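This structure is a prediction, so every number in the text was calculated from the model and none was measured. Order of the sequence lines sets the chain letters (A, B, ...), proteins ahead of strands, with each chain counted from 1.
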There are 2 protein chains.
Amino acid sequence: MDDALAELLAHVVSLPDHEQVCVLDADGRVLAQDVVSALQVPPQDNSAVDGYAVRCADLVAGVALPVSQRLAAGSSGQSLKAMTLARIFTGASIAPDADAVVMQENCTVQDDGAVRVDAPVQLGQNIRLSGEDVTKGAVILSKGERLTPASLGLAASIGMHVLSVVRRPRVALFSTGDELVMPGDVAPQDMPPGAIYNSNRFFLQTLLKRLGCEVTDLGIVPDNCAATIAALRAASQNHDLILTSGGVSVGEEDHIKSAVQALGHLDLWQVAMKPGKPFAYGWVGQGSALAGGDTSEAGAHFIGLPGNPVSSFVTFLLLVRPFLLKLQGGHTFAHQSIAAQANFTRTRADKRREFLRVRRNATGALELFPNQGSGVLTSVVWGDGLVDNPAGQTIKSGDVVRFIPFAEVLS
Amino acid sequence: MDDALAELLAHVVSLPDHEQVCVLDADGRVLAQDVVSALQVPPQDNSAVDGYAVRCADLVAGVALPVSQRLAAGSSGQSLKAMTLARIFTGASIAPDADAVVMQENCTVQDDGAVRVDAPVQLGQNIRLSGEDVTKGAVILSKGERLTPASLGLAASIGMHVLSVVRRPRVALFSTGDELVMPGDVAPQDMPPGAIYNSNRFFLQTLLKRLGCEVTDLGIVPDNCAATIAALRAASQNHDLILTSGGVSVGEEDHIKSAVQALGHLDLWQVAMKPGKPFAYGWVGQGSALAGGDTSEAGAHFIGLPGNPVSSFVTFLLLVRPFLLKLQGGHTFAHQSIAAQANFTRTRADKRREFLRVRRNATGALELFPNQGSGVLTSVVWGDGLVDNPAGQTIKSGDVVRFIPFAEVLS
């Protein structure tokens, strides 16, 4: 599976088209260029508290000093006169010559308005230095970084209101399978024998949108070669990726493989993972992704996911997500797994690397969903992550295993 | 802080208005009623593999049997004749009287078309039983559950195309502070002394949207009592929550407290956490949230966040997020922290509970951002979570601490 992921990523050249978007609309997008600060944050030394700016050398225990000026946030002050204090509020620039700020809770205001400092004062205390957050000229966010609420705030803090990001990937999505029925088209009580509802479409479209993609949903394509070829050819004209589910197994009812080969080439076929073995990657159309430049004219990447919902879901998170992040120019895309303790036993080792649906209990140990079948979508809804279990490995209760929280890979 | 959170949540009654949304548009929404299945998933016993359906009793080692029918997904078969096999594909319903499926990799097709089974066969093998994922009548998703890509897929798998969810909270957002300038309004080189860009607006609006809120952005309100009262009064007419940042400290430049008290009441004022102490909760308008029914006519909840960006960000995640999830009728809203090892030392204990910005290193241990100042937004962008450190506690390298990954609380 690691080889498959490496091979998959080796075929991706990030999209060359950039666009300017408002900072408020840039959540989840990937930066197309470094963001460099034209100023210091904070711009001036300023107060961390509400209180009094002082000249430390002037303070004598028990002696009150008059207040010579008032410094509110947004105003600019004058030099602090000797033997006086300045009233100051959080965020206000420090008056020149003041060298500490005393919290108002540590001061007493006398009847005559003079203020006595009641606590020891250290040079520089409660002063936030100019540039302690961002220095002028610093790269605060770098090309390839995926924007988050916090990074949008940071970009705003240096005055950015638009950012240059890579354009959204255009993804064509379809399912294959004559047994599939769209929810809403047929009521549960009217479902013919053997028919099942298409569930993959719903989570795949949602996952694609969370990753910033524009999705064209082509619905369900009939299980025959001509229809599959027609759908692939049409989708390859104006999409970066064609994503399918179903039709990539070894049976003769599976037409995706031959259809992709008829129109382009298949580079990956089956991955040693469970669930998820019937995974395919290729190219539909002339040329290949590695020809360079904007390849959207020449064809589209093709990824075929298994039809079983759990297989489809898991391969999306572990293989398609990194692919789409790299396509957008992202510089990190591999998931991070963390060590956690198993609170279950799995005595049968599988020859494939397994991704087990588990849930953290109150102590942080992992519980196993009882039915790990690849058709049991309930396991994914119930779980809050996957155990990444190496091929050939059994697990006993108390073992430390590798855990991939869904929260880390669902957006 | 735990008391503050409990108090805050005690004031929330979930919104009584429900709406029907398409499954494809329901990501992140909270279910207003249980989802009950009208069918079994899978509907019939079916094959987990491509291969041959058999009657186990008929199999004799080395003896090939003729193929009497072909079962593709979506078709329905007839009873399997004695001493024959049925060609079958993944997902296809099992023929009546067949009691196992053999993978095609374990079979040999002879020249005459008869098929020999080359491996031992167990009763029931490779058959997925009807209802193994969902049984008819089961509650597959319950009221108060927040929808995810997987749960949307599960809802689709039982034929749902619309779901009943709680309506989106309407949130009015504004910042106070005469020092604030909107990015885009003034270029960095033209910023007057003491002025800073408003960064809170950007991450707060983005975080609110991630939580499914409709946001009315009222911009920056001037630092005076009349303007603050006018803004609060207007916002209270048609919003569920008024969220502000800044103006809730103790200084006389802070007008939020008195303005809220003039129009309604303040129930919470300052929380023993760092960063985040100047946090406020109250009600603007007549009555209170607990009067029951739709309260949007009578007034709005008020939450005042600190003006410092890190304080604002952290209090949003730890206090506002649970509030908004409960407002939408969510049944889980507290964050989950996990045990992790500190790879840093913090010798000065704080009298408040601290939330330190940290990042996991390659071994899973936590590194501390060097500047934990509440104005240093870089710490949040750099970090991938918070250490929840109890009041009065020092930390030495190797200690096990409580870690809150941002991924768990950012959506």
message: Would you compute the distance between atom CD of B:Gln40 and atom CD1 of A:Ile196 and round it to the nearest 0.5 angstrom?
response: 14.0 Å
Straight-line distance of B:Leu207 CG to A:Thr148 OG1, nearest 0.5 Å: 8.5 Å
Given a strict heavy-atom distance threshold of 4.5 Å, which part of [X] is in contact with chain B: side chain, backbone, both, or neither?
{"X": "A:Gln189", "answer": "neither"}
{"X": "A:Leu154", "answer": "both"}
{"X": "A:Ser37", "answer": "neither"}
{"X": "A:Glu132", "answer": "both"}
{"X": "A:Asn371", "answer": "side chain"}
{"X": "A:Ala195", "answer": "backbone"}
{"X": "A:Leu141", "answer": "side chain"}
{"X": "A:Pro192", "answer": "neither"}
{"X": "A:Pro309", "answer": "neither"}

Which atoms form the tightest heavy-atom contact between [X] and [Y], and what is the distance?
{"X": "A:Pro188", "Y": "B:Leu39", "value": "CB-CD2, 3.7 Å"}
{"X": "B:Ala150", "Y": "A:Val380", "value": "CB-CG1, 3.6 Å"}
{"X": "B:Gly194", "Y": "A:Ser93", "value": "CA-OG, 3.6 Å"}
{"X": "B:Gly184", "Y": "A:His161", "value": "CA-ND1, 3.3 Å"}
{"X": "A:Gly153", "Y": "B:Ser199", "value": "O-CB, 3.1 Å"}
{"X": "A:Ala156", "Y": "B:Tyr197", "value": "O-CB, 3.2 Å"}

message: Is there a side chain to side chain contact (heavy atoms under 4.5 Å, CB included) between A:Leu377 and B:Val41? Walk through the geometry before answering.
response: CA-CA 10 Å; A:Leu377 195 51; B:Val41 179; over 6 Å; no
Chain A contact via B:Gln44 - which portion, at a heavy-atom distance below 4.5 Å: side chain
field: Heavy-atom side-chain contact between B:Asn308 and A:Arg128 under 4.5 Å
entry: yes
- prompt: Does any non-hydrogen side-chain atom of A:Phe202 lie less than 4.5 Å from one of B:Leu24?
  reply: yes
query: Do B:Asp27 and A:Arg210 sit within salt-bridge range, that is, some charged N less than 4.0 Å from a carboxylate O?
result: yes
Heavy-atom donor-acceptor pair, B:Thr378 side chain to A:Asp133 backbone, under 3.5 Å: yes
A:Lys209 atom NZ, neighbour heavy-atom count above 12 within 6.0 Å: yes
